[in-house]
Amino acid sequence: MRVRLHWRGQTLEAESEPDEPLYAILLRVGLPGGSDILAAKSSCSIHELQAPIGEKQEFYLLEWDSPEARQVFWHSSAHLLAEAILSFWPNAKLTIGPPIENGFYYDIDFEGNPPSPEDFPRIEAKFLELASKPEYFVRKKVSASEAIAYYEQQGNRYKIELIQELPPDEITFYESGGFVDLCKGPHLWHSGPIRAVKVLSLAGAYWRGDSRNPQLTRVYGISFPNPALLEEYLHTLEEAARRDHRLLGRQLDLFSFHEEGPGFPFWHPKGMRLLNVLQEWLRGKLLRRGYEEIKTPIILTQRLWEQSGHYDNYRENMYFTHIDEQPYAVKPMNCPGSTIIYRTRLRSYRELPLRLFEFGLVHRHELSGVLTGLFRVRAFTQDDAHIYCTPDQIESEILALLELVREVYETFGFQEREIYLSTRPKKYIGSLELWSQAEGALEAALRMASFQYQVNPGEGAFYGPKIDFVIKDSLQRRWQLGTIQLDFSMPQRFGLSYVGPDGAPHTPVMIHRALLGSFERFIGILLEHTGGELPLWLAPVQIKVLPVSEKSFDYARQVSTALQAANLRCEVDWSSEKLGKKIREAEQEKVPLIWVVGAREAETQTVSIRNRRERTQQEGIPLEEAIHTVRTFAQPPS
RNA sequence: GCCAUCGUAGCUCAGUGGUAGAGCACUUCCUUGGUAAGGAAGAGGUCGCCGGUUCGAUCCCGGCCGAUGGCUCCA
């Protein structure tokens, strides 16, 4: 029979038989099977090169640039890692070892004798030695009893547990070199293409992710077809470390963390400027779109949280206190407070949709081990809003929200978005009609805004469907920012209603929504996205004024007074250092504009401008003109 | 919360069973300068906290606190 091979834009044809492995065909037609070509794709599934082609006739040959091929590559690498580790820890019990987005890991029970980072070099050396043999990956089908017998002999209860959950007639092993592992594949034909490896880290991981199970040691690694790619990857890791917002937070003097309040950020003056600019910008945007701002108390009676359901479902994450011997709780969310304002008077359908936003400070007790800079804190300010509307208004409200989301993300240069629509789960409240109307409205709005989205069936909250927004930053990392959640439960629980045109009371739909998520976390993301090079309108210090010497202090004072009067954020370097040093420091602080003022400038009432973002330098700009220009460019986007 | 690693000056880090050092930053003085580090002097640490071993602990041991990386991305 004839098979067709698609490779780098060309199509090759060859004669073959069903029992011929794919690599044999490749070699016959002169393609680099087993080196550049790692795997193939055929009728939507991955076909490994060593597998007989069967009835398949169309093959898309995959190389390193294909994510699927990399998964195969890393999966095989995980086997080599395990083999290398077993050569030093022969009694270690293997569990699972999958490929991941960047590399692979293997979870191993070392029975109290785990490796340490000092062991990484010898593991890597052994790995490369095994890879260069090369080792061929051979698939073997076995019966469940054989498989269990094999692992009983090894005393590996984890693998036995896995086998017992698999369909008994679909159990396969892979053998490579002397190494055998329960595995469904697919794998590389052989280990030849694996030319570089790095063992990255060790971590504790529970068997099956359950903290009641024994804790295993997870060994993370990554491998590449050549050492240059590994170097490149290690460089991106360094770049990410250089952009770490915790580091930038200190370098730019924005915020800090302390033992006196783990997980509670301390905002320094410059960090406050950033936070405030961001909030003022968003506030203006929302007010122009028919929102109104509210503020609700941080501490409210425990009774309220019992009514909202948080006490039953979210208690673990809440802080409690007493006031006058009555139990109170610190709010972990803003919604109950918002509903209290809603029901302060009778509402008419004529005032819906009612859009109430709150930059609400919430406190949540996160586990100590998950706290991470501004990304995971115990107190943060949500850009929260609750929209009360009729079921008929859902679609137009969502559409308006989607447009707002687009605008907001594009303001910060987050062009790439992923959108997830989560629909009705098994356990839900509210009527089926309401659910399908709401889900239909969400989809209609997404289509109307021409947003690409993915549906996660059954992933919605029990109280309503939701849309989540994930953006990609400049290092291609993904962050979930915004969320839009419909809520059929809260209005009921709090007995919210509005008087309809029919004069009768109706229950409104509540839309919870956040665009940035939390200001704290968003600032962290923004710092890493920009590497601390914040745009002029956000920069905590927009202009740093550098007097050439103390003789120019008077003029520097005049310039900074003029800048302050123009509402520009500036700072003067009053130190007795030389100009070169002052420039260096201002550059390291990533200040967008440096204004040098010396005798020449003082005499002519001008400034010399050094623009960090554009790497330009201009001398003798009249002071008034310079201020006017900066004011123009420092305008926040609308 | 659990696992691994870590905790020495504001920051980055050396160091030793006999109560501590460097660079940067800070203060003062000299220098008054023109686009990425001028010079000198000084100040600054209960070596995270508590306990144990020891004649003696920053170092060894235990506990606690905090930080970092992880803790279903399921053969």
Side-chain angles (χ1 to χ4, degrees), chain A residues 71 74-75 78-79 82 94-107 110 112 114-118 147 151 156 158-167 170-174 181-185 187 200-220 237 241 244 246-247 250-251 253 256-263 316 365-373 478 546-553 575-589 594-601 608-612 615-619:
Chain A
Q71 293 295 291
W74 284 329
H75 194 173
H79 279 229
L94 302 179
T95 68
I96 61 167
I100 53 178
E101 206 174 315
N102 286 304
F104 52 89
Y105 66 78
Y106 217 116
D107 280 351
F110 285 93
S116 82
E118 285 117 64
Y151 281 115
N156 187 329
Y158 305 102
K159 291 285 189 184
I160 294 173
E161 198 178 314
L162 291 171
I163 293 164
Q164 282 164 343
E165 288 166 24
L166 293 171
E170 281 178 32
I171 294 168
T172 55
F173 277 69
Y174 273 79
D181 197 9
L182 172 74
C183 183
K184 74 174 167 199
H187 276 282
L200 293 169
S201 62
L202 298 172
Y206 299 107
W207 170 236
R208 321 212 113 179
D210 189 330
S211 59
R212 286 165 303 192
N213 285 337
Q215 184 144 18
L216 309 168
T217 302
R218 175 168 298 181
V219 186
Y220 281 94
L237 287 187
D244 190 313
R246 293 166 293 194
L247 199 65
R250 205 169 33 231
Q251 287 170 349
D253 198 12
S256 55
F257 286 91
H258 303 274
E259 289 195 16
E260 290 83 351
E316 302 295 298
H365 181 256
E366 301 286 353
L367 292 178
S368 59
V370 305
L371 302 175
T372 307
R478 292 149 56 163
L546 307 186
V548 171
S549 80
E550 284 167 29
K551 287 178 179 160
S552 306
F553 275 12
S575 73
S576 63
E577 297 293 344
K578 290 169 104 169
L579 183 61
K581 178 72 171 289
K582 294 183 184 180
I583 300 245
R584 178 180 155 83
E585 290 192 341
E587 289 285 352
Q588 285 179 335
E589 288 162 20
I594 293 171
W595 285 11
V596 174
V597 295
R600 294 206 290 271
E601 286 79 7
S608 291
I609 302 175
R610 185 178 158 122
N611 186 320
R612 176 174 165 84
R615 300 181 181 282
T616 57
Q617 216 169 303
Q618 290 171 286
E619 293 191 13

In whole Å, what separates the [atom1] atom of [N] from that of [M]?
N      : M      : atom1 : result
U72(B) : A14(B) : P     : 32 Å
U16(B) : C6(B)  : P     : 15 Å
U58(B) : G52(B) : P     : 13 Å
C65(B) : A25(B) : C1'   : 28 Å
U53(B) : C60(B) : C1'   : 8 Å
C59(B) : A20(B) : C1'   : 12 Å
U54(B) : G17(B) : C1'   : 9 Å
U32(B) : U68(B) : C1'   : 46 Å

Would you check if the side chain of [X] reaches a backbone N or O of [Y] as a donor-acceptor pair within less than 3.5 Å?
X       : Y       : answer
T172(A) : C183(A) : yes
K582(A) : P547(A) : yes
Q71(A)  : I100(A) : yes
R612(A) : I594(A) : no
T95(A)  : D107(A) : yes
Y151(A) : I163(A) : no

Base, sugar-phosphate or nothing for [X]? Non-hydrogen atoms, less than 4.0 Å.
X       : result
E601(A) : base
G185(A) : nothing
R615(A) : nothing
T217(A) : nothing
A586(A) : nothing
E170(A) : base
E577(A) : base
I96(A)  : sugar-phosphate
R250(A) : sugar-phosphate
L166(A) : base
S576(A) : base
G598(A) : base
F173(A) : nothing
K578(A) : base

Do the ring planes of H79(A) and Y174(A) sit parallel (below 30°), tilted (30 to 60°) or perpendicular (above 60°)?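 The rings of H79(A) and Y174(A) stand perpendicular, inter-plane angle above 60°.
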Please determine whether salt bridge (Lys or Arg N to Asp or Glu O under 4.0 Å) holds for the pair K184(A) and E170(A), giving the CA-CA distance in whole Å, both sets of side-chain angles, and the decisive distance to 0.1 Å. CA-CA 9 Å; K184(A) 74 174 167 199; E170(A) 281 178 32; over 6 Å; no
Closest-nucleotide 5' rank along RNA chain B - winner of P115(A) and R218(A):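 Between the two, 5'-proximity favours P115(A).
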Pick the nucleotide of RNA chain B nearest each of K582(A) and Q588(A); which residue has the one closer to the 5' end?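 Comparing both residues, the 5'-ward one is K582(A).
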Is there a donor-acceptor contact under 3.5 Å linking the side chains of W207(A) and E161(A)?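 A donor-acceptor contact under 3.5 Å links the two side chains.
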For E165(A), look at atom CD and say whether over 12 heavy atoms of other residues, nucleotides or ligands are found less than 6.0 Å away.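 Count over threshold, so yes.
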Output all residues satisfying salt bridge (charged side-chain N to carboxylate O under 4.0 Å, His left out) with R246(A), sequence neighbours left out; order by chain, then residue number.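 D244(A).
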Which two nucleotides bound the region of RNA chain B that has atoms under 4.0 Å from heavy atoms of chain A, read 5' to 3'?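 Boundary nucleotides touching chain A, in 5' to 3' order, are G1(B) to A75(B).
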Here RNA chain B, pairs taken as Watson-Crick or G-U under 3.5 Å and shown with ( ), [ ] when crossing and | when to another strand, reads (((((((..((((....[..)))).(((((.......))))).....(((((..]....))))))))))))....
